[in-house]
Structure formats: C-alpha cells, structure tokens
Asker: 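Before we start, here is the structure in question, set down as structure tokens.
Computed from a predicted model, the values in this text were never measured in an experiment. Residue numbers begin at 1 in each chain, while the letters A, B, ... track the order of the sequences.
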Protein chains: 2
Amino acid sequence: MSHNKYSCDCNIVHREAVEQVIKCLPADEVLARVAEFFKILGDPTRTKIICTLLEGEMCVCDIANVLGMTKSAVSHQLGMLRRADLVAFRREGKNVFYSLSDGHVRGMIESGLEHVHQ
Amino acid sequence: MSHNKYSCDCNIVHREAVEQVIKCLPADEVLARVAEFFKILGDPTRTKIICTLLEGEMCVCDIANVLGMTKSAVSHQLGMLRRADLVAFRREGKNVFYSLSDGHVRGMIESGLEHVHQ
DNA sequence: GAGACATATCAAAACCTCCGCACATAACAG
DNA sequence: CTGTTATGTGCGGAGGTTTTGATATGTCTC
C-alpha cells in the first residue's frame, strides 16, 4: 500500500492520513462545546431573540410580543441562552431585562446574516 | 403590520420599542436561513467532519475512520453538509473526496473554537 | 400581611433528529 | 456480462427538542 494514494479499502484505510488528522483534531469535549454553541444559535426562535437584542436590552414580555409567542416559550428559550452565557440579564422591579452578553455573539450572528445574504 | 399581535398572551410593556424592533428585524425567511445554517454546524458529528476537512480534502471512508462511525452515518451527514453548500465534493474513480466549500465556513468554525477556548 | 403582576419551571404531547440496517447506485476489474 | 468496492438513501426506532397550560417563585404596591 502506497503512501501517495488513498486506497479507502475501509478495512485497511490509509492509516497515516487518518491518524494525522486525528492528532490535529480538537478534543471531543471541545468539539462538543463548539457544536453546542452553534446548536443554541441554530433555532429560529433563538435567532430571532438574539436579533431582537441586537437593538438593545428588552424585557421578557416585550420579547414575547415581538416574536408573537407565549411568555412561557420565550422564557424557556431565554433560559437556554442564559445558561449558555449568550445573554445577560438584570432585574428591574418586576421586569427582567435581557441583553447580549458580549460582542462575540453579535459578531457571530452578523456573520451568519452576511453568509445568508450572498 | 403583518405581525400578529394577538398571538401573545400578555400586554406590551414598551409599545414603541416593540414596534421599532419588529420594523428592524430581518425577514422571517432570512432568520430561518441563518438558523438553518447554525443548526447544520450545531451537531458534534458535523463539527468533527468540518474540523477534519480543515486539514484538506478526504474521502468518505477515511472520514468514517477518523470519526469511528459507520460510512452510512457519515454519508448522511455529508449529504446534509453538501445540500447546505458547506462542503464541495469531487469524484475520483470509486472515491468521493469532500472539502470545505469556501473560507466562510472555515472562519465560522475557527471563531467557534476561539469562543469556546476563552 | 394580601393581592397583583412578571418571570421561571414542571409535565406532557407533538414533533424532529441521528444513526444503523438493508438495499440501491456508481465505477471499475476481469 | 459478473463481482467487488465506495458511496448514497429510504425506513424506522431510540432519544432529544419545542411548545403549551398549569403551577411555583419572586417582586412590587397597598
């Protein structure tokens, strides 16, 4: 079996190329965290919430009205965004105001919008 | 306004803010495409495939060996990545070699890795 | 304290996704 | 042609996700 040729015999793969890539790959735990991050962004409701928060902080009730969904559903998604540290929140009296936690999320969503617009 | 304000179960707290944000939001169809794009990236198997392809093109069988999964499972995910235009492919004899379709995907994955490493 | 209001969480149904099996298709060797 | 190898795909089950109504928790006003 030659080094220069993929033989993809599947029982006897080009072992060195495979092992080289395996060595370069990030750890499974890192990949899982990356996938989890993208998964959080990969729901239309959450995408819409994040786009809403691009304009500034907003309370749960108003977000529910922007999305046309129940407060319960919105609260659930906000909880997910909060646990993933994609949004920050502060309480002001009876209301809880949510906002984007940092510029990284903003940049990511804007990249996504750009990607779609081409 | 095409938005259905009656599908929400509570009153608007800051009416002007809500209506302003609704006006600024990208169209639902755009948001759906963005969410779909992130959803594709949001699976550990697909993330791993994309990281594998960061090193260069590779055939299905070798990818399956890198991931330690069946060729069927890998082919399913490659099909999804292909239909979403995240990967390109070329046939060479019996083998099909996959590669990243453009720098945008690479940049996005690298941003994701960066985000996780902090 | 009681009552009103905003948000969070629980439970369950409807829905979706991933993966392996089995088979189909494609390319090649003989 | 037949057989082998590499890859693609329909189907179905196990497991996960999203949504809602009901209920719980927190916060204010009185």
Asker: I need the CZ-P distance between A:Arg91 and C:dC5, as an integer number of Å.
Answerer: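 Going from CZ in A:Arg91 over to P in C:dC5 covers 16 Å.
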Asker: May I have the distance from A:Arg90 (atom CZ) to D:dT27 (atom C1'), rounded to whole angstrom?
Answerer: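 Between C1' of D:dT27 and CZ of A:Arg90: 15 Å.
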Asker: Does a sphere of radius 6.0 Å around CZ in B:Phe89 hold more than 12 heavy atoms from other residues, nucleotides or ligands, not counting ones at 6.0 Å or beyond?
Answerer: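 At most 12 heavy atoms, drawn from other residues, nucleotides or ligands, come within 6.0 Å of this atom.
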Asker: Check the phosphate of D:dT19 against A:Thr45, side-chain N and O only, distance under 4.0 Å to OP1 or OP2. Yes or no?
Answerer: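 True: A:Thr45 side-chain N/O within range (under 4.0 Å) of D:dT19 OP1/OP2.
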Asker: What about B:His76: does its side chain form a donor-acceptor pair under 3.5 Å with the base of C:dG20?
Answerer: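 Between C:dG20 and B:His76, which were checked side chain against base, a qualifying N/O pair under 3.5 Å is present.
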Asker: In a check of side chain to side chain contact (heavy atoms under 4.5 Å, CB included) between B:Pro26 and each of A:Leu113, A:Leu54, A:Ile109, A:Thr47, which one passes?
Answerer: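 Exactly one pass, corresponding to A:Leu113.
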Asker: Just to be sure I understand the rule, does B:Ser75 reach a base, reach only the sugar-phosphate, or reach nothing, if contact means heavy atoms closer than 4.0 Å?
Answerer: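 Base, at least one base atom sits under 4.0 Å.
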Asker: Report the residue (A:Tyr98 or B:Glu92) whose heavy-atom-nearest nucleotide on DNA chain C is the more 5′ of the two.
Answerer: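 Result of the comparison: A:Tyr98.
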Asker: So, B:Arg82 versus B:Tyr98: side-chain donor-acceptor pair below 3.5 Å or not?
Answerer: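 Their side chains do contain a donor-acceptor pair, which is all the 3.5 Å distance test asks for.
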Asker: How long is the line joining CD of A:Glu36 and P of C:dC18, in whole Å?
Answerer: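 Interatomic distance, CD of A:Glu36 to P of C:dC18: 13 Å.
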Asker: Taking the side chain as C-beta and beyond, is there a heavy-atom pair between B:Met58 and B:Phe97 under 4.5 Å?
Answerer: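 No; the side chains remain at least 4.5 Å from each other.
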Asker: Would you say a side-chain N or O of A:Lys39 is under 4.0 Å from OP1 or OP2 of D:dG16?
Answerer: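 No, outside the criterion.
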Asker: With sugar-phosphate meaning primed atoms plus P, OP1 and OP2, does B:Ala73 contact a base, only sugar-phosphate, or nothing at under 4.0 Å between heavy atoms?
Answerer: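 Counting heavy atoms under 4.0 Å across all strands, the contact made by B:Ala73 is with sugar-phosphate only.
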Asker: For the backbone of B:Lys71 and the side chain of B:Ser75, can you confirm whether one donor and one acceptor N or O come within less than 3.5 Å of each other?
Answerer: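 Side chain of B:Ser75 to backbone of B:Lys71: no pair is present.
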Asker: Between P on D:dT19 and CE on A:Met69, what's the gap in Å once rounded to a whole number?
Answerer: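 Interatomic distance, CE of A:Met69 to P of D:dT19: 4 Å.
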Asker: Contact class for A:Phe89 (heavy atom, under 4.0 Å): base, sugar-phosphate, or nothing?
Answerer: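 No contact.
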Asker: With a 4.0 Å cut-off on heavy atoms, is A:Gly93 in touch with a base, just the backbone sugar-phosphate, or nothing at all?
Answerer: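 Sugar-phosphate contact only - A:Gly93 comes under 4.0 Å of backbone atoms but never of a base.
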Asker: Quick one: is B:Gln77 getting a side-chain N or O under 4.0 Å of the C:dT17 phosphate, OP1 or OP2?
Answerer: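 No.
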Asker: Applying a 4.0 Å non-hydrogen cut-off, can you work out what A:Phe97 is touching in the nucleic acid: base, sugar-phosphate, or nothing?
Answerer: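 No contact.
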Asker: Under 4.0 Å from OP1 or OP2 of C:dA27: is there any side-chain N or O of B:Asn95 that close?
Answerer: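 B:Asn95 to C:dA27 OP1/OP2: no side-chain N or O under 4.0 Å.
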Asker: Please compare B:Arg83 and A:Val74 by the position of their nearest nucleotide in DNA chain D and report the one closer to 5'.
Answerer: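 Comparing both residues, the 5'-ward one is B:Arg83.
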Asker: Considering only NZ, NE, NH1 and NH2 on the basic side and carboxylate oxygens on the acidic side, decide whether A:Lys23 and A:Glu19 come within less than 4.0 Å.
Answerer: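 So A:Lys23 does not pair with A:Glu19 through a salt bridge.
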Asker: Take atom CG of B:Asp43 and atom C1' of C:dC16, then tell me their distance rounded to the nearest Å.
Answerer: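 One finds 13 Å between C1' of C:dC16 and CG of B:Asp43, rounded.
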Asker: What's the closest nucleotide to the side chain of A:Lys94 if the choices are D:dC28, C:dT9, C:dC18?
Answerer: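 The closest nucleotide is D:dC28.
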Asker: Counting side-chain heavy atoms from CB outward, which of D:dT7, C:dT9, C:dT17 is closest to A:Arg82?
Answerer: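 Closest nucleotide among those given: C:dT9.
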Asker: Rounding to an integer number of Å, can you tell me how far B:Lys71 NZ sits from C:dA26 P?
Answerer: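 Distance, rounded to whole Å: 18 Å.
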Asker: Counting only side-chain heavy atoms from C-beta out, which of D:dT9, D:dA22, D:dT7 sits nearest to A:Ser72?
Answerer: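 Closest nucleotide to the A:Ser72 side chain: D:dA22.
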Asker: May I have the distance from A:Arg46 (atom CZ) to D:dT18 (atom C1'), rounded to whole angstrom?
Answerer: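 Rounded to whole Å, this separation is 9 Å.
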Asker: Roughly, in whole Å, what's the span from CE in A:Met80 to C1' in D:dT17?
Answerer: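 These atoms are roughly 7 Å apart.
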